[in-house]
Amino acid sequence: MKELREERFFREFCDTADNMYRLGWDERNGGNISMLLTREEEGCFGAPIRTIPIPFDASALAGRCFLVTGTGKYFKNVKKYPEENLGAFRIAKDGKNAELLWGYSDGGKFTSELPAHLMSHIARLSVDSAQRVVIHCHPTHTLAMNYVHELDEKKISHTLWQMSTECIVVFPEGVGVLPWMLCGTNEIGIATAEKMKKFRLVIWGMHGIYGAGDTLDEAFGLIETVEKAAQIYMLTAHLPRINTIKDEELARLAEAFGVNYRKEFLDL
Ligand code: 13P
Ligand code: ZN
């Protein structure tokens, strides 16, 4: 068997955390990543080392394994010291415990946002069985936009679509939005998962964003596209708007690229 560090899925996980840190999306311990492992990937980890209680019923995922960032861990350190900062675990049969197979080597545990991650996995898998990755982070411009733009699903999706031609093609379903809520709770997990049935992107008002995808690249790329659009918004929001992509043009784009966009988010 190859060394874990040489496995492509593992390298990509570490590289994703590293890129997120460098882009300024994950200050200090901000942000978390979870990835549902394939049966082959699971085989790279050993027998259970210890058990960590899960604060909700995760029995819908019993027997499945995840690679997840640790709580309080700095993304800056993930690539250099993965065994301290990441953990791989199997959801026990009762859905109430995580059987740690590898990692959290300093006695740590999974992210405090595990409810939002696992509940989002359940929601995404219910609509698309290929969805394996959930990423949460605090991207600067997306967060800045939260303070000056209405936190309304239709309005924020529409504004983001207008900020760059690629947006409606990349996230045609728009962006789900939650108001400010207490993080790290089952309640915010339930609310996030409800949105995840309709969207792959969910903004946590004045906190950050969640992105879900089949791969690390897809989840990362969704957030990256929103963040770029939010940056353009923040660079232009205080200036007179002379040009804009019209709703008819957004519709033409979506049709040309064959994506099923959320029509009620346009005013046609
Ligand atoms: P963790 O350090 O527990 O992953 O929390 C970081 C965070 O972004 C909370 O929302
Ligand atoms: Zn956060």
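Order of listing sets the numbers, starting from 1, for every ligand and every atom in it.
Distances between N or O atoms of Cys183 and those of ligand 1 include no value under 3.5 Å. Every N/O-N/O distance between Gly30 and ligand 1 stays at or above 3.5 Å.
For atom 7 (C) of ligand 1, the closest non-hydrogen atom of the protein is Asn32 ND2, 3.5 Å. Nearest non-hydrogen protein atom to atom 4 (O) of ligand 1 is Thr111 OG1, 2.7 Å. Shortest contact from atom 8 (O) of ligand 1 to any protein heavy atom: Gly31 N, 2.9 Å.
Annotation for Arg252: atom CZ does not count as buried by contact number, only 12 or fewer foreign heavy atoms lying within 6.0 Å. Heavy-atom contacts from other residues, nucleotides or ligands closer than 6.0 Å to CZ of Arg8 number 12 or fewer. Annotation for Lys96: atom NZ does not count as buried by contact number, only 12 or fewer foreign heavy atoms lying within 6.0 Å.
Residue contact check: Ser112 has heavy atoms under 4.0 Å from atoms 1 (P), 3 (O), 5 (O) of ligand 1. Listed by number with element, the atoms of ligand 1 under 4.0 angstrom from any heavy atom of Thr71 are 1 (P), 2 (O), 3 (O). Shown in contact with His136 at under 4.0 Å from a heavy atom are these atoms of ligand 1, numbered in order with element: 8 (O), 10 (O). Ligand 1 places these atoms under 4.0 Å from at least one heavy atom of His207: 10 (O).
Both the backbone and the side chain of Asn29 come within 4.0 Å of ligand 1, counting heavy atoms alone.
A donor-acceptor contact under 3.5 angstrom links the side chains of His141 and Glu227, judged on distance only.
The nearest non-hydrogen atom to atom 10 (O) of ligand 1, considering only Glu113, His117, His138, Glu27, comes from Glu113.
Between the side chain of Arg50 and the backbone N or O of Leu100, no donor-acceptor pair lies under 3.5 Å.
Exactly one residue among Glu113, His136, His117 makes a side-chain hydrogen bond (donor to acceptor under 3.5 Å, both in side chains) with Asn32. That residue is His117.
Within the 2.8 Å limit, His138 places at least one N, O or S atom next to the Zn ion (ligand 2). In summary, an N, O or S atom of His207 is located under 2.8 Å from the Zn ion (ligand 2).
Connection of Leu125 to Leu118 is established within a shared hydrophobic cluster, with ILVMFWY side chains joined at heavy-atom distances below 4.5 Å, either directly or through further cluster members.
Note that Lys263 lies in the cation-pi zone of Tyr261, set by a 6.0 Å cut-off to the ring centre and a 45° limit from the axis.
Between Asp214 and Arg200 there is no salt bridge, since no side-chain nitrogen of the basic residue lies less than 4.0 Å from a carboxylate oxygen of the acidic one.
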